[in-house]
Each structure stands twice: as C-alpha cells, then as structure tokens.
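Input: a single structure, listed below in structure tokens.
Within every chain, numbering begins at 1; the chains are lettered A, B, ... in the order of the sequence lines, protein sequences first and strands thereafter. Atoms considered below: every heavy atom in the structure, side chains included; atoms not considered: hydrogens, waters and symmetry mates. Not measured: the values here are computed from a predicted model.
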2 protein chains.
Amino acid sequence: MEFDRNRSAGILASEIARLYAAALQGALHPLGLSRAQYLALSELWLEDGLTQRLLAERVGVEQATMANTLVRMERDGLIERKPNPDDGRSQQIWLTQAAHRLQAPATNAAAKANELVAEGLPVAERELFFSMLARVIANLRTIRSS
Amino acid sequence: MEFDRNRSAGILASEIARLYAAALQGALHPLGLSRAQYLALSELWLEDGLTQRLLAERVGVEQATMANTLVRMERDGLIERKPNPDDGRSQQIWLTQAAHRLQAPATNAAAKANELVAEGLPVAERELFFSMLARVIANLRTIRSS
DNA sequence: CAATATTACATAGCATGCTATATTAGTTAC
DNA sequence: GTAACTAATATAGCATGCTATGTAATATTG
C-alpha cells in the first residue's frame, strides 16, 4: 500500500537505487561501459595495479562479485592482470589504454546521472540529504558487523 | 575515493539498498521467504487475485521480472494461478493458505528491517528523510518517463 | 469480417549481487 | 621443517533485475 511503502526508507532507497542504476547505465552505455565496470574503473583511475581483494573492498562488494566483474572487464579489454611480485596468490589489476581513454567521458557521464538524483531536491537541502544517507549507511554497517 | 563517493546520492542510495536487502533477507529467511517474494506478497495480502501485469505495476518491477518471481513463488507453494474468466490471456494470482499464514510473521520481520534503516537517524529527522527520498524518486521518475 | 494493432504472459540471455566452497600460496606454531 | 591456519582467487549455484522477443488472445479499424 502506498502509505506503508512510503514509510519504509529501505524500499524507498531501493527504488532510488534502481532508478539511479538505470540512469547511470543509460549514460554509460554509449561508451560501452556498464555500471559495475564504471565503479571498478573509478577506483582504478585513482590507483592502478590494485589486487582484486583491495579493489573489492574499495568498491564495497564481495570478492566473488568483483571476480565476476573483472572477468567481464578483461573480456571487454578494460584491464589486464599481471602476477604480483610480492605474493604468488594475488595478481595486480592494470588498466589498458582503452580504459584510460574512457576516464574523462565516463566521469562526465556519471556526473550527469548523479546530478539527476541530486536535482530532485533544492540545493539548500542536498548537504543534509547526503549526511542523512551517510548516517543511515553507517548505522546499518555497524549492525551488520556486530 | 571517499570524498567523491559521498557526493553521489545515487551510490549512497545503492549502498543503503544493498544493506537493506541483506537485512530484509535475513529477517525473512527463517520464514522461508525471499525479499522479492515478500514484496509481491505484501501487495497480494492487500488484494488477492490480481493479474501478473497489475501485480508487477504495484510492486514496481517489470513484467518479466515478476514472471520469474511468480515461478519461484508457485514452486514454493505461495501462490496458485487460475484462469481469468474475463480474459483468456491473463490469469488471476491467488494466495495459498500457507501464504496467508505468513502475513503476520512476515510483516513483523519486515518492520524490524525497516526499523534498522530508520534508526540511523534521530526521530526528529525521519519524516524529512522520507520526504526527501520521495521527492528524489518523483524527480527520477519524471525524467524516466519523459 | 478480415487485417492490424495491442495486450498478457513466457522465455532467452545477460549483468550484478550474494553465500558457500575449492584451490593454491603464504604464514605460524610446534 | 612439517602441520595447521590464513589469505587471495576462482567457481558453482542461486535470486533479482533488465531488455528483447515470441505467442496467443483480444480489440480496433477499415
């Protein structure tokens, strides 16, 4: 029922996540990128040569999820894996030239999708909204890890 | 990077959606229900005998997504489908006795998951948070449909 | 009324997410 | 130095979500 649904911040957030995913996917599609690929790239643009485990942590997904995303990124020519000289169990993930060239256009495309979310609120409320989202996340994380 | 990430309401909302999904899934698991099943049930508890199309609209997912969810719900003995006397193309979706019996416990379990999200904010801020979420959704929806 | 369009549902194919588990490589403790 | 633990990946299996497309039934139109 509408009343109850609007009382559930979880369901509302899920709805935003779905709509945002669609907007981000739509903005990235002309570049041949998917949402999960973009999120991985956005960490690798900051620091290249990470291990899978570190990358998964920074993006905030499970290792198995990142492993699958990396398979698709390797298939699509976005990354290469090289042995980690310090540890035979892990590999370093390096961006290809193609991935480097996508940084500016993909960042712009994602910024547009992010703007679509923010523009639903007057500028004066946006900082508070971010802060609320962050506090809700922090609380849910403490519960998860307790 | 943390700074940039916290500037994206979309990514923050996605994070809440994931954490909420995990909490809801965890709360429903002892009842043998999944999240998507619960969302479908919560509409059918309000009105039984809906068509697939109507149910998908009310839950807010695509028809194909609901079709798959209904396959799993039928498999799990939660629903039965009967021919629609008014329209040979569609079927009516009816809850089983088992599904009716789950209404109270599942509603309680979901309420607990919802409370986990809300409790990240002081009571005084919660109404505003709901209203912000709703406004962001409304804006994203107008973009989508334009 | 026959041709066409629309509607309801099913299905295929894919991307993301998860948990659980196997494998392999380091590390630690006797 | 070997046995046992831990850590990094890989893989299997599943649930949800999407788009695209096929099929059958109903509605509309000329």
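Within 4.0 Å of B:Thr51, counting heavy atoms only, lie sugar-phosphate atoms of the nucleic acid but no base atom. In this structure, B:Ala67 reaches the bases: a heavy-atom distance under 4.0 Å links it to at least one base atom across the strands shown. Contacts of B:Ala64 with the nucleic acid, taken as non-hydrogen atoms under 4.0 Å apart, include base atoms.
The salt bridge (charged side-chain N to carboxylate O under 4.0 Å, His left out) contacts involving residues 14-26 of chain B comprise A:Arg141-B:Glu15, B:Glu15-B:Arg18, where partners must be two or more places apart or lie in separate chains. Counting only residues at least two apart or on different chains, no side chain to side chain donor-acceptor pair (under 3.5 Å) pair has a member in residues 95-109 of chain B.
We find that NE2 of A:His29 is positioned 16 Å from P of D:dC18, with the value rounded to whole Å. Rounded to a whole Å, the CD atom of A:Glu62 is 15 Å from the C1' atom of D:dT11. Taking atom CZ of B:Arg72 as the reference point, atom P of D:dA15 lies 6 Å away to the nearest angstrom. Following rounding to the nearest Å, A:Leu70 (CG) and C:dA15 (P) show an atom-to-atom distance of 14 Å. In this structure, the CG atom of B:Leu55 is 14 Å from the P atom of C:dA8, given to the nearest Å. Between the C1' atom of C:dC18 and the OH atom of B:Tyr20 lies a distance of 17 Å, rounded to the nearest Å. Residue B:Met66 contributes atom CE, which lies 14 Å from atom C1' of D:dA15 at whole-angstrom precision. Counting to the nearest Å, the C1' atom of D:dA15 and the OH atom of B:Tyr38 are 18 Å from each other.
A close approach under 4.0 Å does not occur between any side-chain nitrogen or oxygen of B:Ser34 and OP1 or OP2 of D:dA15. For B:Arg35, no side-chain nitrogen or oxygen approaches OP1 or OP2 of C:dC18 to under 4.0 Å. Put simply, B:Thr65 has a side-chain N or O that comes within less than 4.0 Å of OP1 or OP2 on D:dC18. Distances shorter than 4.0 Å separate some side-chain N or O of B:Arg81 from OP1 or OP2 on C:dA10. Not one side-chain nitrogen or oxygen of B:Gln25 sits closer than 4.0 Å to the OP1 or OP2 atom of C:dT19. Note on A:Arg53: every side-chain N or O is 4.0 Å or more away from OP1 and OP2 of D:dA10.
B:Ser42 and B:Leu46 get closest at one heavy-atom pair: O-CG, 3.5 Å. The two atoms that bring B:Ala17 and A:Ala17 nearest to each other are CB-CB, 3.7 Å, heavy atoms only. Minimum heavy-atom separation, B:Arg126 to B:Glu119: NH2-CA, 3.5 Å. The two residues A:Ser14 and B:Tyr20 make their nearest non-hydrogen contact at OG-CD2, 3.7 Å.
Both A:Ile16 and A:Leu128 belong to a common hydrophobic cluster when Ile, Leu, Val, Met, Phe, Trp and Tyr are linked at side-chain heavy-atom distances under 4.5 angstrom.
Under a 3.5 Å cut-off, the side chain of B:Asp87 and the backbone N or O of B:Arg89 do form a donor-acceptor pair.
Picking from C:dG17, D:dT9, D:dA20 the nucleotide with the shortest atom distance to the side chain of A:Val61 gives C:dG17. In the set C:dC18, D:dT19, D:dG17, C:dC18 carries the atom at the smallest distance from any side-chain atom of B:Arg18. Comparing D:dA12, C:dC9, C:dA15 by their closest approach to the side chain of B:Gln91 singles out C:dC9.
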Pairs under 3.5 angstrom, nitrogen or oxygen only, protein versus nucleotides 25-28 of chain D, please.
residue	atom	partner	partner atom	Å
D:dT26	OP1	B:Gly88	N	2.8

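In terms of polar N and O atoms assigned as donor or acceptor, the side chain of B:Gln63 comes within less than 3.5 Å of the base of C:dA10 in a complementary pairing.
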